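Take a look at the structure set out below.
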Amino acid sequence: MTQATDAATTQTALRLDGKALAKQIEQELSDRVEAIKQKTGRTPILATILVGEDPASATYVRMKGNACKRVGMDSMRVEMPTETTTDELLTKIKELNANPDVHGILLQHPVPEQIDERACFDAIDLSKDVDGVTCLGFGRMSMGESAYGSCTPQGIMHLLNHHGINLAGKHAVVVGRSAILGKPMAQMLLNANCTVTICHSKTQNLAEHVGRADIIVGAVGVPELIKQDWIKQGAVVVDAGFHPTDNGGVGDIELAGIESIASSYTPVPGGVGPMTINTLIRQTVEAAEKSANIA
Ligand code: NAP
């Protein structure tokens, strides 16, 4: 056995710590927010729209507001009743688009079922689409043009890049194809020169696809659907899922003991989750900088 092989078998996987990175980025963002305030005399604002009373959505919106405060930004909380119509929500979004004090708009998903969510997402002005939810933003991002990326996959890319994970030429397998996660994730990895396979609920032989991945992204919303013994030795393992349990929580991938298989992995919790809100805040700061003509 060569020395290199010895090293590989005893190597401990790199933990891609999203919580630590998010904290570090928040410190940098605080300085950038301060610079915007100095130049413009105004505090950057993220408008958050919550329609209805879903407790989980209310918690997410509160967490986003708290993250704004931590970096010195304000959030404008817009709360609308469950019976809100598409037209009423569109009117509110247009009002926020026209408000020069608002730099970013977040429409919390999901909205009540009578609302045309896609129409409302697409009504958000591209310059304020800091959550990366519009079709136009997705299309531009896919074409390699400037646009804010959907926050969870953009946060994952940031985490991978920060840790110097080599992406070019690697085979990435994304399990899940939602508009906010799987699809933009696949496009971002493609833009980073990965060869990308997208799997979904109709995919046959999921285990075989996962087994060929140099980079595996779990984005399915099913606890530990992706089994550890499917994963290739040395793979980069990214788990976007979070399902609370008595012991804290599990992701969409079986992670217990993954250190002996993966070359690097995102822990659950503390991996992808903190990077999502961090990306929303970072992109809002960028939008405020653009509006203040700060390069
Ligand atoms: P989603 O909209 O429910 O989409 C789930 C995707 O997984 C769909 O494309 C679905 O395929 C696919 N899928 C479901 N069962 C499958 C199976 N048995 N085999 C293969 N594919 C399967 O979920 P999402 O919003 O993308 O979220 C995915 C996960 O990420 C969840 O665990 C969620 O909690 C997490 N998430 C985390 C954050 C964060 O901030 N950390 C943000 C967003 C989401 P079809 O398209 O064929 O139905």
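Note that this is a predicted model, so its numbers are computed, not measured.
- Ile45 and Leu106 fall into different hydrophobic clusters, where Ile, Leu, Val, Met, Phe, Trp and Tyr are joined by side-chain heavy atoms under 4.5 Å apart, directly or via other members.
- Residues meeting the salt bridge (Lys or Arg N to Asp or Glu O under 4.0 Å) test with Arg212, sequence neighbours left out: none.
- Looking only at side-chain heavy atoms (C-beta outward), Asn293 and Lys39 come within less than 4.5 Å of each other.
- Scored by the salt bridge (Lys or Arg N to Asp or Glu O under 4.0 Å) test, Glu286 finds Arg282 as partners (sequence neighbours excluded).
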Tell me, with the steps shown, if Leu96 and Ile49 meet side-chain contact (heavy atoms from CB on, under 4.5 Å). CA-CA 10 Å; Leu96 296 170; Ile49 310 175; 3.7 Å; yes
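- For Gln228 (side chain) and Ala256 (main-chain N/O), a donor-acceptor pair under 3.5 Å exists by modelled atom type.
- Using a 4.5 Å heavy-atom threshold, the side chains of His158 and Ile25 count as touching.
- Smallest separation of non-hydrogen atoms from Ser146 and Arg140: O-NE, 2.9 Å.
- Looking only at distances, a side-chain donor or acceptor of Ser150 sits under 3.5 Å from a matching main-chain atom of Ile180.
- Across all non-hydrogen atoms, the minimal contact from Ile93 to Leu107 is CD1-CD2, 4.4 Å.
- No continuous path of ILVMFWY side-chain contacts below 4.5 Å connects Phe138 to Ile124, so the two sit in separate hydrophobic clusters.
- No donor-acceptor pair under 3.5 Å is formed between the side chain of Ser142 and the backbone N or O of Gln187.
- Scanning both residues, His171 and Val173, for their nearest heavy atoms gives NE2-CG2, 3.7 Å.
- Side chain of Asn191 to backbone of Met141: a donor-acceptor contact under 3.5 angstrom is found.
- Contact between Ala123 and Leu90 at its shortest, heavy atoms only, is CB-CD2, 3.5 Å.
- From Ile253, atom CD1 reaches atom OH of Tyr265 across 12.5 Å, with rounding to the nearest 0.5 Å.
- Judged purely by atom type and a 3.5 angstrom limit, Lys37 uses its side chain to pair as donor or acceptor with the backbone of Gly72.
- Each salt bridge (charged side-chain N to carboxylate O under 4.0 Å, His left out) pair with one or both residues in residues 184-193, not counting sequence neighbours, would appear here, but there are none.
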What do the steps show when you test Arg118 against Cys135 for side-chain contact (heavy atoms from CB on, under 4.5 Å), and what is the final call? CA-CA 9 Å; Arg118 176 45 49 206; Cys135 285; 3.8 Å; yes
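- Atoms CG and NZ, on Leu160 and Lys170 in that order, are 12.5 Å from each other to the nearest 0.5 Å.
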Report the C-alpha distance between Leu167 and Met157 in whole Å, list the side-chain angles of each, state the deciding distance to 0.1 Å, and finish with yes or no for side-chain contact (heavy atoms from CB on, under 4.5 Å). CA-CA 10 Å; Leu167 299 174; Met157 292 304 288; 3.8 Å; yes
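- Residue Thr284 holds its OG1 atom at 8.0 Å from OH of Tyr148, rounded to the nearest 0.5 Å.
- The backbone N or O of Gly137 sits less than 3.5 Å from a side-chain atom of Thr134, completing a donor-acceptor pair.
- By the 6.0 Å contact criterion, CZ on Phe242 is enclosed, its count of non-hydrogen atoms from other residues, nucleotides or ligands being greater than 12.
- Residue pairs meeting the salt bridge (charged side-chain N to carboxylate O under 4.0 Å, His left out) criterion with at least one member in residues 227-252, sequence neighbours excluded: Asp214-Lys232.
- Among residue pairs with one or both ends in residues 91-105, those qualifying as side-chain hydrogen bond (donor to acceptor under 3.5 Å, both in side chains) are Arg42-Asp101, Lys92-Glu95; sequence neighbours excluded.
- By the criterion of side-chain heavy atoms lying less than 4.5 angstrom apart, applied directly or through intervening Ile, Leu, Val, Met, Phe, Trp or Tyr residues, Val196 is not grouped with Leu206; the two fall into different hydrophobic clusters.
- For the pair Trp230 and Glu254, the minimum side-chain heavy-atom distance is 4.5 Å or more.
- Residues Asp31 and Gln27 form no side-chain contact, since every pair of their non-hydrogen atoms from C-beta on lies 4.5 Å or further apart.
- Rounding to the nearest 0.5 Å gives a distance of 11.5 Å between SG of Cys120 and CD1 of Ile105.
- Between Glu117 and Val111, the shortest heavy-atom distance links the atoms OE2-N, 3.2 Å.
- Put simply, the side chain of Pro153 reaches to within 4.5 Å of the side chain of Leu181, judged on heavy atoms.
- Smallest separation of non-hydrogen atoms from His163 and Arg15: CE1-O, 4.2 Å.
- Asn205 places no side-chain N or O within donor-acceptor distance of the main-chain N or O of Glu208, the cut-off being under 3.5 Å.
- Looking at heavy atoms from C-beta onward, Val51 lies in side-chain contact with Pro112 at the 4.5 angstrom threshold.
- Other residues, nucleotides and ligands place more than 12 heavy atoms under 6.0 Å from the CD atom of Gln114.
- At distances below 3.5 Å, at least one donor-acceptor pair connects side-chain atoms of Gln233 with backbone N or O atoms of Ser260.
- When the options Ile215, Val217, Ile231 are evaluated for a side-chain contact (heavy atoms from CB on, under 4.5 Å) with Val237, the one that passes is Ile231.
- Distance check, rounded to the nearest 0.5 Å: CE of Met275 to OG1 of Thr152 gives 10.5 Å.
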Please test Cys68 against Asp74 for side-chain contact (heavy atoms from CB on, under 4.5 Å), starting from the C-alpha separation and ending with a verdict. CA-CA 6 Å; Cys68 285; Asp74 280 341; over 6 Å; no
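- Put simply, Val272 and Val133 are part of two different groups of oily side chains (I, L, V, M, F, W, Y) that touch within less than 4.5 Å, one to the next.
- Checking side-chain atoms of Ser57 against main-chain N and O of Glu53 turns up no donor-acceptor pair under 3.5 Å.
- A 4.5 Å side-chain heavy-atom check between Ile277 and Cys151 finds every atom pair outside the cut-off.
- In the hydrophobic clustering of ILVMFWY residues, with side-chain heavy atoms under 4.5 Å counting as a link, Met73 and Ile294 come out together.
- Open room surrounds NZ on Lys23; 12 or fewer heavy atoms of other groups in view lie less than 6.0 Å from it.
- Distance check, rounded to the nearest 0.5 Å: CZ of Arg62 to CG of Leu50 gives 10.0 Å.
- Atom CD of Glu88 is surrounded by more than 12 heavy atoms from other residues, nucleotides or ligands within 6.0 Å.
- Using a distance-only test at 3.5 Å, with no hydrogens or angles considered, a donor-acceptor pair links the side chain of Gln283 to the main chain of Gly149.
- Considering only heavy atoms from C-beta on, Thr48 stays 4.5 Å or farther from Gln108 through its side chain.
- By the salt bridge (Lys or Arg N to Asp or Glu O under 4.0 Å) test, Glu224 is found to be paired with no residue, residues two or more places apart in sequence or in another chain being considered.
- With no hydrogens or angles considered, a side-chain donor-acceptor pair links Ser127 and Asp125 at under 3.5 Å.
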